[in-house]
*Asks:* 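Quick one: structure below, then a few questions.
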Number of protein chains: 2
Amino acid sequence: MASTTPTPRTTANRPDPLTLEVVELIGEVVARFHQDYEEAAAEHALTGAQARLLSLLCLEPLPMRRLAQRLKCEPSNVTGIVDRLEARGLVERRPDPTDRRVKVAAATADGRRMARSLRESLRFAREPLAGLSEGERVALRDALRGMLAG
Amino acid sequence: MASTTPTPRTTANRPDPLTLEVVELIGEVVARFHQDYEEAAAEHALTGAQARLLSLLCLEPLPMRRLAQRLKCEPSNVTGIVDRLEARGLVERRPDPTDRRVKVAAATADGRRMARSLRESLRFAREPLAGLSEGERVALRDALRGMLAG
DNA sequence: TATTGTTATACTCTATAACTATA
DNA sequence: TATAGTTATAGAGTATAACAATA
């Protein structure tokens with residue numbers, strides 16, 4: 001089926017109706033996912049950035065510099081976000097034994113509890129697949145893999 | 001297949017591996033989509049909020065109040081965003097003949113050009129389906145419809 | 001000299017509350 | 001009285017530039 005061009009197109013070089021609909025659906029899913037995440041964060045008196053940083057630190061402690069890379073922002077911003085989380089006892093700074101310039105941020109026990117509660121309060125992001133059969137989930141998985149690969 | 005519970009689960013009430021993988025894939029797509037959008041906006045010296053507002057106004061002029069509802073923020077914020085876009089000649093405020101309290105925001109010709117350029121510079125958001133066959137796109141469409149419905 | 005984290009600065013987004021002009 | 005838009009204010013995220021401590 002016309003596989004020389006990346007995406008099927010009609011005459012005027014516009015995506016075909018099927019592709020257009022899928023793009024729109026993805027946009028809706030993205031919006032729902034994000035809204036869900038922000039609301040869950042707000043319910044815990046966290047901003048989106050704070051929730052993302054805390055979730056990252058629950059996987060593993062990270063130096064400030066690495067945090068900035070993961071969050072795709074400048075290192076100077078991470079200082080403030082960690083400051084606010086540290087003031088609430090959710091995160092702490094630890095020295096790095098091998099390099100005294102480095103400060104490693106880590107989630108505290110309270111921080112991990114908060115992150116777990118946050119994760120559990122994500123409705124759409126956690127249960128987006130409630131309406132799908134196993135076959136549909138397999139198809140969705142394969143399509144998403146294809147998107148991220150392509 | 002096991003359709004009494006919303007989502008298949010293993011013993012400890014945790015989602016099964018397939019569901020977990022799909023959730024993770026959706027998260028990655030959401031992240032890519034958003035990053036793509038923000039970068040495209042930045043390339044045009046727009047913030048994300050400005051780009052979203054401008055894109056909305058390219059579909060139809062809207063009263064300030066309605067804009068706030070669409071952007072899911074307070075009306076007072078819209079004032080500033082429209083101010084900055086208006087200062088750059090991308091948006092204008094028009095009076096509403098039927099209600100003198102209302103100001104209708106509308107994209108200018110320059111604003112529409114900017115929005116079109118913005119739309120065209122979205123790589124992943126515009127061409128997320130490059131790697132998928134028609135059959136995969138149909139499967140993806142159906143799965144996404146099911147997600148948003150369920 | 002280069003790197004890590006921080007500070008200082010400026011801008012934008014955000015919500016809240018008070019204000020104005022209409023209705 | 002109620003509504004549309006604005007202003008004032010304060011907190012948070014963001015990028016840039018300059019800085020101290022360390023490598």
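A, B, ... follow the sequence lines: proteins, then strands. Residue 1 opens every chain. Everything numeric here is computed off the predicted structure, so don't read it as measured data.
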*Asks:* Would you mind reading off the bend of the helix from C:dT1-D:dA23 to C:dA23-D:dT1 from its two end axes, five pairs each, to 10 degrees?
*Replies:* 10°
*Asks:* Any side chain to side chain donor-acceptor pair (under 3.5 Å) pairs touching residues 84-93 of chain A, not counting sequence neighbours?
*Replies:* A:D83-A:R93, A:E86-A:R93, A:E92-A:R94
*Asks:* Earliest and latest nucleotide of DNA chain D, 5' to 3', sitting under 4.0 Å from a non-hydrogen atom of chain A?
*Replies:* D:dA12 to D:dA23
*Asks:* If you look at every strand shown and take non-hydrogen atoms under 4.0 Å, does A:R93 touch a base, only sugar-phosphate, or nothing?
*Replies:* sugar-phosphate
*Asks:* What pairs with A:E43 under salt bridge (Lys or Arg N to Asp or Glu O under 4.0 Å), at least two apart in sequence or on another chain?
*Replies:* none
*Asks:* Identify, with sequence neighbours excluded, every residue that meets side chain to side chain contact (heavy atoms under 4.5 Å, CB included) alongside B:A107.
*Replies:* B:L54, B:L57, B:C58, B:R112
*Asks:* Heavy-atom distance under 4.5 Å between the side chains of A:L129 and A:L140, does that happen here?
*Replies:* yes
*Asks:* Among Ile, Leu, Val, Met, Phe, Trp and Tyr joined by side-chain contacts under 4.5 Å, find the other residues sharing a cluster with B:V102 and list them by chain and number.
*Replies:* B:V104
*Asks:* How would you list, by chain and number, every residue that makes a salt bridge (Lys or Arg N to Asp or Glu O under 4.0 Å) with B:E38, sequence neighbours excluded?
*Replies:* B:R52
*Asks:* Can you list the residues that meet the side chain to side chain donor-acceptor pair (under 3.5 Å) rule with B:E24, with sequence neighbours excluded?
*Replies:* none
*Asks:* Base, sugar-phosphate, or nothing: which does B:R100 touch, judged by heavy atoms less than 4.0 Å apart?
*Replies:* sugar-phosphate
*Asks:* Answer with base, sugar-phosphate or nothing: what part of the nucleic acid does A:D99 contact at a heavy-atom distance below 4.0 Å?
*Replies:* sugar-phosphate
*Asks:* How does each nucleotide of nucleotides 11-17 of chain C score, in 5' to 3' order, for protein heavy atoms under 4.0 Å: base (B), sugar-phosphate only (S), or none (-)?
*Replies:* -SSBBBB
*Asks:* Please find the pair of heavy atoms, one from B:M114 and one from B:L90, that lie closest to each other, and give the distance.
*Replies:* CE-CD1, 4.0 Å
*Asks:* Report the C-alpha distance between B:M147 and B:I26 in whole Å, list the side-chain angles of each, state the deciding distance to 0.1 Å, and finish with yes or no for side-chain contact (heavy atoms from CB on, under 4.5 Å).
*Replies:* CA-CA 11 Å; B:M147 276 182 61; B:I26 291 173; 3.8 Å; yes
*Asks:* For residues 60-72 of chain B, which residue pairs qualify under salt bridge (charged side-chain N to carboxylate O under 4.0 Å, His left out), counting only residues two or more places apart or in two chains?
*Replies:* B:E60-B:R70
*Asks:* With the criterion being N/O to N/O and under 3.5 Å, what pairs connect the protein with nucleotides 18-21 of chain C, and how long is each?
*Replies:*
none

*Asks:* So which heavy atom on A:A143 is nearest to which on B:L132, and how close?
*Replies:* O-CD2, 3.5 Å
*Asks:* Using the side chain to side chain donor-acceptor pair (under 3.5 Å) criterion, which residues pair with B:R101? Sequence neighbours excluded.
*Replies:* B:D99
*Asks:* Considering non-hydrogen atoms only, spot the tightest contact between A:Y37 and A:G48 and give its length.
*Replies:* CE2-O, 4.2 Å
